[in-house]
Chemist: 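Okay, handing you the structure first.
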Amino acid sequence: MNTNQSLFDRACRVIPGGVNSPVRAFRSVGGIPYFVARGEGAHVWDVEGRRYLDYVQSYGASILGHAHPKVIEAIRAAALDGTTFGAPTLGEVLLAETITEAVPGLDMVRLTSSGTEAGMSTIRLARGATGRSRIVKFAGCYHGHSDSLLAAAGSSVADRAKADSAGVTPGAVGDTTVVPYNEVPELDDDVALVIVEPVAANMGLIGPRPGFLEGLRQACDRVGALLAFDEVITGFRLARGGAAQVYGVQPDLWCFGKVIGGGLPVGAFGGAEAVMSHLAPLGPVYQAGTLSGNPLATAAGLAALGELDDAAFTMLEGRAIELAAGLATVISEAGLPIHVPRVGPLLGLHFGQTPAGNFEQAREAAENGLYRRFFRAMLDRGIALAPGPYEVLFPSLAHGRDDIERTIDLASAAAAEVAKGPV
Ligand SMILES: *Cc1c(COP(=O)(O)O)cnc(C)c1O
């Protein structure tokens, strides 16, 4: 029989580190990853038959929970008609219409196969449209792994000794300026683009301070720079119109991913028609993809977005409110320093006394070892958190009240165990 260990051993022989995305290797929490055999709703089962209540949910891609019947049926129906053509399909039009109708100010989108592609294409488009070179990003914000954005990125990149990556040349990040989150930077008129996670969810969870997003909008307008909201996590999760709708600030460009693919590989970037018209074939900015707008992916995305009405967002936020309050209570009762930031349906676990407003502050608590020990104590109890201190929790629409209550009960025991151990 396959075990987690036997599969990980095999994986490590043929896949670097045994994984296809570094955070999955459990390096920052210790031990080896569980190999998922299947998922249903709020739960996944590993290859040894062990069940976990899953707060990873593919880092937010599975907002309905795993194997939602409508998503599965949409994928099945699409597959029967063929899986990829290299010619346009109805599904692409429908998904683009659905996204643009949901988001005020967003006229057009181009579909990609990942959030990374959406981010890197956004940059090329902004440079092409403005004729300028400089990009401004915020420390701890993650926009995928394209070269020019791998400077002080959060997520599992934050666990590296250097905040950037080997193999990224000084030239590739030479036009990237990294500034602290939640502070409006002074911009020069060589700035093509300011890109930001409107709610930062790759350095734990850090919401924008009042006035921050408005300040970015004004700063960009002052110098003629474009503003991009990377809504790969927040899009169709905070609300149908994403963070731009919730905070009432309109960027020039948007990046999407995760939720909009219904669990299949999809990303999108977009903006007003005037900006998007710089893209090939209308304009000189090249961008392409063999599998972009793939029929299975658009079918899954459409099925997922079709389930996301106001009631769904209200329910999701209600679960998150209950979970955040419960976790904060039981973890602090155990005597551990804890702050559980929450924005809409997203929450983070910050094992520090004071809330973090930027990457530096997030880092202190992330690196004190408490997340790692709490993660292990929860995993032992069948609750799967993300295997890294900079990730957030993604309750899905399949997480019922009983699941939330069970999580809080088990968190109480897990926190007590952590508090007893060496600090
Ligand atoms: C996950 C993520 C990305 C990258 O998306 P991939 O599909 O992993 O390439 C970009 N931006 C943000 C905010 C993300 O969370």
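Since we're looking at a predicted model, the values are computed, not measured. One-based numbering, in listed order, for ligands and for the atoms of each.
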Chemist: Could you check whether R240 pairs with E101 (Lys NZ or Arg NE/NH1/NH2 to Asp/Glu carboxylate O, under 4.0 Å)?
Modeler: no

Chemist: Which pairs with one or both residues in residues 271-295 pass side chain to side chain donor-acceptor pair (under 3.5 Å), sequence neighbours excluded?
Modeler: R110-Q287

Chemist: Just to be sure I understand the cut-off, which residues have at least one non-hydrogen atom under 4.0 angstrom from an atom of ligand 1?
Modeler: S114, G115, T116, Y142, H143, G144, E197, N202, D230, V232, I233, K258

Chemist: Taking the six-membered ring for Trp and the single ring otherwise, decide whether the centroids of Y247 and F212 are under 6.0 Å apart.
Modeler: no

Chemist: Quick one: which residue pairs count as a salt bridge (charged side-chain N to carboxylate O under 4.0 Å, His left out) with a foot in residues 59-86, not counting sequence neighbours?
Modeler: K70-E307, E73-R76

Chemist: Is there a donor-acceptor contact under 3.5 Å from the side chain of S165 to the main chain of V168?
Modeler: no

Chemist: Can you pull the salt bridge (charged side-chain N to carboxylate O under 4.0 Å, His left out) pairs that have at least one residue in residues 22-44, sequence neighbours excluded?
Modeler: R38-E40

